Number of protein chains: 2
Amino acid sequence: MNGLPPDDLSPEGAPPRDVAPAPGARTLRDVAQAAGVSIGTASKALNASGRLSAETRAKVLEVAKSLDYRPNDLAQSLHRARSMTVGILSTDSFGRFTFPIVEALERRLFDDGIAIFMCNATDDPARERRHLEQLLGKRVDGLVVTARRADKRAPIEPVARGLPVVYAFSYIDDPDALCLLPDDEGGARLAISHLARLGRKRIAHITGPRHFEAVRLREAGWRAALSEAGLAARDSDCLSGRWSEAWGREAVAELFKRSRDLPDALFCGNDQIARGAVDALKDIGRSIPEDVAIVGFDNWNVMADATRPPLTSVDMNLGALGAEAGAALLDMISGRRLAGLRRLPCSLVVRASCGAHAHAGA
Amino acid sequence: MNGLPPDDLSPEGAPPRDVAPAPGARTLRDVAQAAGVSIGTASKALNASGRLSAETRAKVLEVAKSLDYRPNDLAQSLHRARSMTVGILSTDSFGRFTFPIVEALERRLFDDGIAIFMCNATDDPARERRHLEQLLGKRVDGLVVTARRADKRAPIEPVARGLPVVYAFSYIDDPDALCLLPDDEGGARLAISHLARLGRKRIAHITGPRHFEAVRLREAGWRAALSEAGLAARDSDCLSGRWSEAWGREAVAELFKRSRDLPDALFCGNDQIARGAVDALKDIGRSIPEDVAIVGFDNWNVMADATRPPLTSVDMNLGALGAEAGAALLDMISGRRLAGLRRLPCSLVVRASCGAHAHAGA
DNA sequence: AAGAATTGGGAAAAGCTTTTCTCATATTGG
DNA sequence: CCAATATGAGAAAAGCTTTTCCCAATTCTT
């Protein structure tokens, strides 16, 4: 009806189904031809640019629609020198922490028409390098580098080539790099001051391995907030171990084998440790939150909600971090120079384990 | 030293740092010019094609290296009509289940030089449609559609346009579509026959909501394997509820309030239910695995390992599923027609909760 | 040493869009 | 009725590679 090229008329006797209907996608030329105009005119009509009569415009649009035409981003990108893509490169495998970040990031960038390449280097520098090559070849407009745990890493090479890079939930030493991290220390302070406000006097800290910077920062927050609350921070009340429930149980056994001066609150380095601690406390007959109040870290729902009682926990707001990384990257892509290490605030999600008003939690 | 274009000599008096070193990436023309050959010759040299003298080849290669030249994938893709990209579209948000799939998929495709666009539609059909538009615009070579839970979904549109699509961990009704799913029934049989072999006589089943096909299939597997083992499958021994620990606890309370004919084994629909069941059993004084053996589903490490005793669990091998999806997609991209619903085998990961030789598990 | 056969490299088209410039037609003003 | 101005649309270049075809120069054959 509208000058369709004859290539989708199936041969007379062939079975009507199962013949791949479109050998390739339609091109602007197909549209122009079918509409009886030049390629340039068709382009202008579709992009609402140039000076064209309303009729011509409408005709082209109609034909384009009937042909299911869709501009070829590859050609557009080539022309504009802007690929409208961004790479996200995870040093180690994607995990529980990178998910919310990536999700929010993708959402933010998608709103600006940018698609993301997902690359997983799994702790293999050679692999990371190949991924980088691939992304540079694809002319990504920017890069987000992330990691499972917020620890210092080696800088990504292309910084030197002027490609915008944001380090999200990971950081490097270069002061010219933009690094986004949760405010671990602030998160810890949130937990401690909450407990102190509830009248707890002796707040111990069971946490993960000290080689994590996050562990050191949270410990610092614990100390600082304690002293601000007029409470003492004793070294023997800070136990560093693994990130597991088992460690939470062991640490509680350690802390509570003393006969006097027992903690009346526990701030745990993550929710798994907290859950282990809760189990161990119940095993030795302490009730929660009456005898011991507990606050965890990560606000990992499956853990926090399943614990009995449900865990009050510090949330790193990783979604906000991801969105912020996306916004910052967009800024950098449009020419702004952003740099420095930014710490984004955590928040406290109150459930029943700390003895505050437990909002009849789910 | 090798005919570099002068554009990276910074102006005499300008600060030497902070002047973006490369305004844009190098092009083949830059290389050709610097090497004193034509563009075509440079291309041949870099691609090891055509007939060229060894010197010319070496010269071009050297210049390319010194300029840090990297071919523009956009132009290559445009030329070859092959973008070397694939989209992965998640119906609902990416979660615990999609991760291993995506990870394995990405790895498999990366080995073939294909990068993946990650798109998250978050249960929003309009959003899904826009993502699809974007991917088609980018001329992806194929599409993987996935979901958080293996449930039937509406077909993706572009199937009609001849674009290869694989449904991974999700499926549609069309017999012409290729759908990859875990063999839930087989997984359940694995669990039950294992328990039966260990001498358990009354194996109950606590599972998730029946509107999940996986739930119905696992229940079917439970029934079938019981009868094959010569055991009875009573309806009252199969409890369907939520996917949570809380439900596991409730269901145990329900099952064990009877005074006689109590189950000596529990097959749970996922590891969270299993963990809840373990806790509840311990609360009523049953020991595991002596009194009651437990098998979970998902083999979710953080759950299975943290449970006391650690959970024996059915593993859906989602990594293998992702890799298989990648391989199948590659096949389809290279022209093969693949179709049908394929169920990939599960496996059983034995830990201490079922009373089998507990390999001194971690 | 002349003709034939290699050989090495260049020119140009194709792949798809966007955009600038130009030109022809139609319209308006005097 | 002629000149001047809008107006609508086309031609072509640019963006970057790959690939085919072709030509000039060298080498070999006899």
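Each chain gets a letter, A, B and so on, in the order its sequence line appears, and its residues count up from 1. Keep in mind that this is a model prediction, so the values were computed, not measured.
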Checklist entry - Just by distance, with hydrogens left out, do B:Ser49 and B:Asn47 show a side-chain donor and acceptor under 3.5 Å apart? => result no

Next on the checklist: Heavy atoms only, 4.0 Å cut-off, all strands: where does A:Leu52 land among base, sugar-phosphate and nothing?
Outcome noted: sugar-phosphate

Item to check | Outermost nucleotides of DNA chain C that come under 4.0 Å of a non-hydrogen atom of chain B | outcome: C:dG8 to C:dC16

Item to check | Test: A:Asp141 and A:Arg82 ion pair at under 4.0 Å | outcome: yes

Checklist entry - A:Arg29 CZ to D:dA12 P: how many Å, rounded? => result 15 Å

Checklist entry - Does any non-hydrogen side-chain atom of A:Val86 lie less than 4.5 Å from one of A:Leu329? => result yes

Can you check nucleotides 24-29 of chain D for protein contacts, nitrogen or oxygen pairs under 3.5 Å, and list what you find?
none

Checklist entry - Below 4.0 angstrom from OP1 or OP2 of D:dA9, is there any side-chain N or O of A:Thr41? => result no

Item to check | First of B:Leu78 and A:Gly40 reached from the 5' end of DNA chain D, by closest nucleotide | outcome: A:Gly40

Next on the checklist: So A:Ile39, base contact, sugar-phosphate only, or nothing? Heavy-atom distance under 4.0 Å.
Outcome noted: base

Checklist entry - Does some side-chain heavy atom of B:Arg127 sit less than 4.5 Å from a side-chain heavy atom of A:Phe110? => result yes

Next on the checklist: Looking at B:Asp68 and B:Arg26, is there a salt bridge between them, counting it only when a charged N and a carboxylate O are closer than 4.0 Å?
Outcome noted: no

Next on the checklist: Heavy atoms only, 4.0 Å cut-off, all strands: where does B:Thr56 land among base, sugar-phosphate and nothing?
Outcome noted: sugar-phosphate

Checklist entry - Tell me, do A:Glu106 and B:His131 make a side-chain contact under 4.5 Å, heavy atoms counted? => result yes

Checklist outcome for this item: Which of A:Thr98, A:Ile88, A:Leu321 passes side chain to side chain contact (heavy atoms under 4.5 Å, CB included) with A:Leu105? Answer is A:Ile88

Item to check | Donor/acceptor link under 3.5 angstrom from A:Lys44 side chain onto base of D:dG8 | outcome: no

Checklist entry - Is any side-chain heavy atom of A:Leu89 less than 4.5 Å from a side-chain heavy atom of A:Val144? => result no

Checklist entry - Base, sugar-phosphate alone, or nothing: which one does A:Ser43 contact when heavy atoms must sit under 4.0 Å apart? => result base

Item to check | Residue met sooner reading DNA chain C from 5', once A:Gln76 and B:Gln76 are mapped to nucleotides | outcome: B:Gln76

Next on the checklist: Could you check whether B:Arg342 pairs with B:Glu324 (Lys NZ or Arg NE/NH1/NH2 to Asp/Glu carboxylate O, under 4.0 Å)?
Outcome noted: yes

